[in-house]
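In what follows, chains are A, B, ... by sequence order, proteins preceding strands, each numbered from 1.
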There are 2 protein chains.
Amino acid sequence: MGRRDTRQRQAIRGVFLDVDRPLTPDEVLERGQARVPSLGMATVYRNVKLLADEGWLAEVELPGGGMRYELAARPHHHHFVCRSCDQAFDIHRCPESVEEMAPAGFEVEDHEVILYGRCPACV
Amino acid sequence: MGRRDTRQRQAIRGVFLDVDRPLTPDEVLERGQARVPSLGMATVYRNVKLLADEGWLAEVELPGGGMRYELAARPHHHHFVCRSCDQAFDIHRCPESVEEMAPAGFEVEDHEVILYGRCPACV
DNA sequence: ATATGTGCAAACTCTTTGCATGGAG
DNA sequence: CTCCATGCAAAGAGTTTGCACATAT
């Protein structure tokens with residue numbers, strides 16, 4: 001299970017340490033190439049998956065496209081998705097007793113709350 | 001803007017009238033072919049989009065794959081997604097004041113609450 | 001020295017589109 | 001009889017995988 005510390009992997013980790021919101025693979029590639037220009041999309045996909053398996057990143061499945069990733073270390077929170085620029089932002093509040101909404105017979109493991117609208121930059 | 005009442009379109013509408021949860025295009029195809037065996041995937045995609053544009057279906061963007069569709073006439077509700085069978089179910093309760101969770105500067109238009117876990121059939 | 005990681009390109013999956021044929025009006 | 005709708009197959013977008021080369025250890 002030897003993990004090598006390549007420039008590419010460093011760059012990708014650096015990208016996530018610099019932002020406070022979930023990123024799409026595209027966003028990771030663009031920001032990563034600012035650090036390692038030769039960085040390829042396949043490497044991004046392989047590494048975010050790897051870092052997620054290791055528990056360093058968390059997968060965030062927001063509607064409207066594919067998976068996004070963010071630092072796993074962040075405390076419980078939810079997301080706001082801007083319908084204009086498609087960026088996702090963190091929301092640090094959580095409605096109480098959400099998980100009690102499930103009907104009897106359903107076993108709840110987790111929950112997600114997503115707000116849609118326009119972010120300050122797009123209003 | 002003449003809409004023709006084809007067997008295929010009837011079949012697709014019939015499929016949605018028979019279920020009380022959001023369906024993926026795949027699920028629509030499978031159930032639709034029980035009514036019109038020759039039904040093709042392209043027709044499913046074209047018609048759910050059409051019915052959604054007309055306001056008869058609502059698009060439901062749940063994580064884990066593409067768009068799902070359900071009858072637009074249903075009252076406000078949220079969803080439970082089973083991690084085992086990937087089916088989505090309706091939940092007819094909604095936490096209060098969800099939309100007030102957004103930080104200042106964010107303009108909320110809409111919200112979605114998703115519970116993850118195992119449905120009764122998969123527990 | 002060795003085997004993991006990278007980059008490219010091909011393969012895949014899901015969705016959309018072009019085109020000839022079919023069928024509703 | 002007209003067009004809109006369908007079915008097929010090809011084209012796109014996003015993601016994954018195979019393979020030869022590069023490089024961290």
**Request:** Send over the distance from B:D53 CG to D:dA5 C1', rounded to a whole Å.
**Result:** 16 Å
**Request:** Could you tell me the separation between the CZ atom of A:R13 and the C1' atom of C:dG5, rounded to a whole number of Å?
**Result:** 13 Å
**Prompt:** So, B:E70 side chain and B:R21 main chain: donor-acceptor pair closer than 3.5 Å or not?
**Reply:** no
**Request:** Search all heavy atoms of A:A52 against all heavy atoms of A:Y69 and return the closest pair with its distance.
**Result:** CB-CE2, 4.2 Å
**Message:** Whether A:R13 and A:D18 form a salt bridge (side-chain N of Lys/Arg under 4.0 Å from carboxylate O of Asp/Glu) is what I want to check.
**Reply:** no
**Request:** Using the test side chain to side chain donor-acceptor pair (under 3.5 Å), find all partners of A:R93 that sit at least two apart in sequence or belong to another chain.
**Result:** none
**Asked** What is the distance, rounded to the nearest whole Å, between atom CD of B:Q10 and atom C1' of C:dG25?
**Response** 14 Å
**Item:** Between P of D:dG14 and CG of A:D86, the distance in whole Å
**Value:** 11 Å
**Request:** Look at the side-chain N and O atoms of A:K49 and state whether any lies under 4.0 Å from the OP1 or OP2 oxygen of D:dT16.
**Result:** yes
**Asked** Atom CG of A:L23 and atom CZ of A:R31: how far apart are they, to the nearest 0.5 Å?
**Response** 6.0 Å
Nucleotides 22-25 of chain D: which of its N/O atoms have a protein N/O under 3.5 Å away?
{"from": "D:dT23", "atom 1": "O2", "to": "A:R4", "atom 2": "NH1", "distance (Å)": "3.2"}
{"from": "D:dA24", "atom 1": "N3", "to": "A:R4", "atom 2": "NH1", "distance (Å)": "3.4"}
{"from": "D:dT25", "atom 1": "OP1", "to": "A:D5", "atom 2": "N", "distance (Å)": "3.2"}

**Request:** Figure out the CE/C1' separation between A:M41 and D:dT17, and round it to whole Å.
**Result:** 15 Å
**Message:** Under 4.0 Å between a side-chain nitrogen and a carboxylate oxygen: does that hold for A:E54 and A:R3?
**Reply:** yes
**Prompt:** Taking atom P of D:dG18 as reference, at what distance in whole Å does atom OH of A:Y45 sit?
**Reply:** 17 Å
**Prompt:** So, is B:R9 near the phosphate of D:dC4, with a side-chain N or O under 4.0 Å from OP1 or OP2?
**Reply:** no
Between the protein and nucleotides 18-21 of chain C, list every N/O to N/O distance that falls short of 3.5 Å.
{"from": "C:dG18", "atom 1": "O6", "to": "B:R46", "atom 2": "NH1", "distance (Å)": "3.3"}

**Item:** Salt-bridge present (A:R74, A:D20; N to O < 4.0 Å)
**Value:** no
**Item:** Whole-Å distance separating the CD atom of A:E54 from the P atom of C:dT4
**Value:** 15 Å
**Request:** Going by the salt bridge (charged side-chain N to carboxylate O under 4.0 Å, His left out) test, name the single residue among B:D26, B:D90, B:D86 that passes it with B:R68.
**Result:** B:D86
**Prompt:** Looking only at side-chain N and O atoms, does A:Q8 come under 4.0 Å of OP1 or OP2 in C:dG7?
**Reply:** yes
**Asked** Taking for each residue the nucleotide of DNA chain C bearing the nearest heavy atom, is the 5' side occupied by B:G66 or by A:L39?
**Response** A:L39
**Message:** Which label fits B:H92 and B:H77: parallel for a plane angle under 30°, tilted from 30 to 60°, or perpendicular past 60°?
**Reply:** tilted
**Item:** Touch class at under 4.0 angstrom, heavy-atom based, for B:D26 against every strand present
**Value:** nothing
**Message:** Rounding to an integer number of Å, can you tell me how far B:L29 CG sits from D:dC8 P?
**Reply:** 11 Å
